[in-house]
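What follows is a short report on a single structure.
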Number of protein chains: 2
Amino acid sequence: MVDRGGTKTPTSFDVARAAGVSRSTVSRAFTPGARISPEVRSRILQAADTLGYHVNALARGLQSRHSNLVGIVASRLDSPLRALQVRGLAQGLLREGMNPLLLVADGGEDVQALIQSVLGYNVAGVIVTSDTPPPEVTLACNRAGVPVVMINRGPATEGADTVVLDLEKSGRAAFEMLRDSGVRRFALLSPAQKTYSVTGRSEAFLACCKAAGFDVVTITSDGQSFAAGRAVADAIAARIGPDQIEGIFCATDLLALGVLDRLRHARGIDVPQQLQLVGFDDIEQAAWDAYGLSTIRQDVLEQAAAAVELTLLRLEQPDRPYETRVFGLTKVFRKTTAVQGP
Amino acid sequence: MVDRGGTKTPTSFDVARAAGVSRSTVSRAFTPGARISPEVRSRILQAADTLGYHVNALARGLQSRHSNLVGIVASRLDSPLRALQVRGLAQGLLREGMNPLLLVADGGEDVQALIQSVLGYNVAGVIVTSDTPPPEVTLACNRAGVPVVMINRGPATEGADTVVLDLEKSGRAAFEMLRDSGVRRFALLSPAQKTYSVTGRSEAFLACCKAAGFDVVTITSDGQSFAAGRAVADAIAARIGPDQIEGIFCATDLLALGVLDRLRHARGIDVPQQLQLVGFDDIEQAAWDAYGLSTIRQDVLEQAAAAVELTLLRLEQPDRPYETRVFGLTKVFRKTTAVQGP
DNA sequence: TTGAAAGCGCTAACAA
DNA sequence: TTGTTAGCGCTTTCAA
């Protein structure tokens with residue numbers, strides 16, 4: 001805030017004087033549930049309105065030992081899934097009267113330092129949906145008494161509420177979709193970088209295949225982006241053919257789309273005739289006609305809502321036991337599997 | 001922040017005592033550019049580290065009359081362009097030691113109320129990249145002495161620095177791309193909702209066509225999403241044919257992609273043989289092989305960096321004249337025009 | 001229901 | 001270069 005010499009922002013003192021009450025009373029007028037008579041209250045509110053007064057959140061937070069700021073730690077903000085998730089988080093928070101402090105944690109940034117700086121705002125809570133889940137985040141927040149909610153960053157950690165997808169079901173769903181589409185020779189495409197949810201469902205998929213007596217060819221990508229998928233498409237194409245792979249589970253939609261794009265347009269491979277493909281997430285682009293990706297849907301908006309709810313719950317009851325909300329998923333058959341959707 | 005009865009967070013007082021100095025000196029140790037001897041400074045930093053001390057941003061902001069919080073007002077956070085923009089903004093801000101306060105302003109929310117609440121944090125600035133640019137935002141911020149930067153929300157408003165695309169060049173580039181690809185019968189697809197940049201370039205395109213002696217068929221969509229494009233694709237298809245439209249400029253890539261998707265896959269229309277198509281933005285998906293959309297690139301990351309820079313500049317020199325940075329664009333020929341890229 | 005007084009943790013004048 | 005003294009604007013006991 002730059003002081004441009006203009007009129008100073010009015011304080012509760014100015015409102016108090018205008019309304020003929022004390023500053024404490026003004027404070028009460030702006031505190032939901034405070035004991036104050038309706039008449040006095042509306043008189044104050046009116047005075048405040050004409051003066052253009054609004055509570056100074058800094059002072060309030062300083063005094064009351066907590067602001068209504070909630071930190072959101074997110075990485076890869078520009079990936080479709082994450083963008084939607086952050087939007088859900090921000091809107092949910094705003095709706096509850098909290099303000100989201102956005103922390104982008106893509107590689108370069110020092111997450112630890114970010115958390116420290118955020119803690120300096122007496123944040124009411126921190127929601128983590130980053131890829132790299134530094135356990136120190138939980139630690140630092142716990143020390144400061146700040147509740148933490150992890151989204152798909154489990155496993156259920158002591159000291160944090162958690163929102164997760166059912167890993168086992170995720171992997172199984174992928175296996176089933178391919179198997180039910182007639183695939184007998186399986187492959188898996190998964191990023192080299194370990195991540196709770198992506199690696200987790202990949203391993204669950206592997207386990208399912210093995211349990212059913214199938215071998216799996218595993219291919220590793222550099223990251224989970226579209227470009228990463230595209231980059232390994234040739235390696236995949238090379239393994240298509242008699243006695244080779246028939247169906248592949250790509251651990252994220254973006255990866256699947258990258259593979260699909262190159263397979264079809266550069267290699268002229270017919271999906272699903274020559275190779276079947278299943279992704280994961282059901283991002284908006286998966287449904288675009290040019291792709292029609294068969295995939296497994298997770299409802300990020302629902303997860304975001306749960307994260308907000310968990311944050312508020314812990315604010316109300318700091319001592320409640322840590323909770324883990326496990327979310328399900330939906331198989332979405334489209335056009336990259338033999339079994340096809342509508 | 002919930003007080004879980006644990007150890008209290010250390011204050012500058014504790015650090016001062018541990019380091020054997022006064023609180024002001026501790027403050028100086030954490031203030032870049034403050035006059036303090038290196039030895040004392042490192043002694044304090046060390047004491048702070050062992051105590052787990054970090055500056056309380058609330059108290060600092062309260063006292064110094066400005067926090068290092070910067071509000072970002074954004075809408076449609078989950079659209080590819082906006083997501084990238086917000087990411088750039090957040091990272092740029094973080095890099096400069098500022099923290100982004102994210103305000104999602106999609107229809108429902110009362111922007112005015114949001115701004116008020118944000119102003120309560122003594123934010124150092126506000127960056128607006130929302131679709132609906134309430135002039136009240138500028139007004140409210142100006143009254144509070146908070147600098148405002150508008151991204152593509154011009155025209156240059158008094159009271160705000162501005163980052164914009166060259167509207168005239170945008171529209172002209174679209175016209176030229178189609179014309180140079182041999183189009184003689186033009187069409188325009190633009191959202192019904194007025195927006196500075198989208199409506200602006202649409203009108204510039206119209207003007208260019210008219211000036212060159214061409215008529216233009218204008219088609220209106222409900223919004224600028226993929227779905228909106230898809231929804232008007234049939235209406236466009238109906239106008240393809242002898243003596244009908246040969247090329248269309250879609251005011252956003254998402255719109256163009258929606259049209260293209262349905263035209264090709266539901267209507268079996270050959271683009272660019274039967275119809276040429278040019279989009280705008282060059283979002284990631286435009287380059288995906290399944291689409292290969294010819295488009296006009298705007299560099300959102302560069303714009304975001306400029307917005308951050310303008311915010312900082314005004315912080316340093318509150319009285320400098322308001323500045324407008326105009327950005328150029330790049331024609332990207334791909335596969336939806338007769339003239340094609342690499 | 002209201003008011004008076006005491007800080008929340010920090011920075012910014014000023015003095016040393 | 002360092003310490004001292006005042007607040008920043010608010011909420012929160014505690015009395016009235």
Side-chain angles (χ1 to χ4, degrees), chain A residues 1-3 8-44 47-48 51-69 116-117 119-123 144-145, chain B residues 1 3 8-44 47-48 51-69 116-117 119-124 144-145:
Chain A
M1 197 173 73
V2 175
D3 201 1
K8 293 185 52 173
T9 6
T11 74
S12 68
F13 186 81
D14 301 313
V15 178
R17 196 175 36 197
V21 295
S22 74
R23 279 157 70 216
S24 336
T25 311
V26 174
S27 170
R28 289 189 254 268
F30 286 96
T31 305
R35 299 182 217 294
I36 186 175
S37 78
E39 308 91 67
V40 177
R41 173 150 210 263
S42 71
R43 184 150 47 93
I44 293 175
L51 287 176
Y53 167 83
H54 51 97
V55 180
N56 183 319
L58 254 25
R60 168 179 276 180
L62 179 58
Q63 161 64 26
S64 60
R65 321 255 326 148
H66 67 265
S67 62
N68 47 13
L69 251 22
Q116 286 304 330
S117 96
L119 254 23
Y121 285 101
N122 288 9
V123 289
Chain B
M1 195 174 72
D3 201 1
K8 291 185 56 171
T9 11
T11 75
S12 68
F13 186 81
D14 301 313
V15 179
R17 195 176 36 196
V21 295
S22 74
R23 281 159 67 218
S24 341
T25 309
V26 174
S27 169
R28 287 190 258 267
F30 287 96
T31 305
R35 299 180 217 293
I36 185 174
S37 76
E39 309 88 67
V40 177
R41 175 152 209 261
S42 71
R43 181 149 48 96
I44 293 176
L51 287 176
Y53 168 83
H54 51 99
V55 179
N56 182 319
L58 256 23
R60 169 180 273 181
L62 178 58
Q63 159 63 23
S64 60
R65 320 260 318 152
H66 67 266
S67 60
N68 47 11
L69 252 22
Q116 285 305 330
S117 95
L119 254 24
Y121 285 101
N122 286 8
V123 289

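Proteins come first, then strands; the chains are lettered A, B, ... in the order of their sequence lines, and each starts at number 1.
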According to salt bridge (Lys or Arg N to Asp or Glu O under 4.0 Å), does anything in residues 11-25 of chain A pair up with another residue at least two apart or in another chain? List the pairs.
Asp14(A)-Arg17(A)
Can you list the residues that meet the side chain to side chain donor-acceptor pair (under 3.5 Å) rule with Ser12(B), with sequence neighbours excluded?
none
Reading DNA chain C from 5' to 3', where do the contacts with chain A start and stop? Cut-off is 4.0 Å to heavy atoms.
dT1(C) to dG9(C)
Side chains of Arg60(B) and Phe30(B), heavy atoms from C-beta outward: is any pair under 4.5 Å?
yes
The complete set of side chain to side chain donor-acceptor pair (under 3.5 Å) pairs with one or both residues in residues 28-40 of chain B, sequence neighbours excluded, reads none
Considering residues at least two apart in sequence or located in another chain, which fulfil the side-chain contact (heavy atoms from CB on, under 4.5 Å) criterion with Asn68(B)?
Tyr121(A), Met98(B), Asn99(B)
Which residues pass the side-chain contact (heavy atoms from CB on, under 4.5 Å) test with Ser22(A), sequence neighbours left out?
Ser24(A), Thr25(A)
Residues that Asn56(A) engages under side-chain contact (heavy atoms from CB on, under 4.5 Å), provided they are two or more places apart
Leu58(A), Ala59(A), Leu62(B), Asn122(B)
Would you mind building the protein contact string for nucleotides 6-16 of chain D? One character per nucleotide, 5' to 3', B for base within reach (heavy atoms under 4.0 Å), S for sugar-phosphate only, - for untouched.
-BBBBBB----
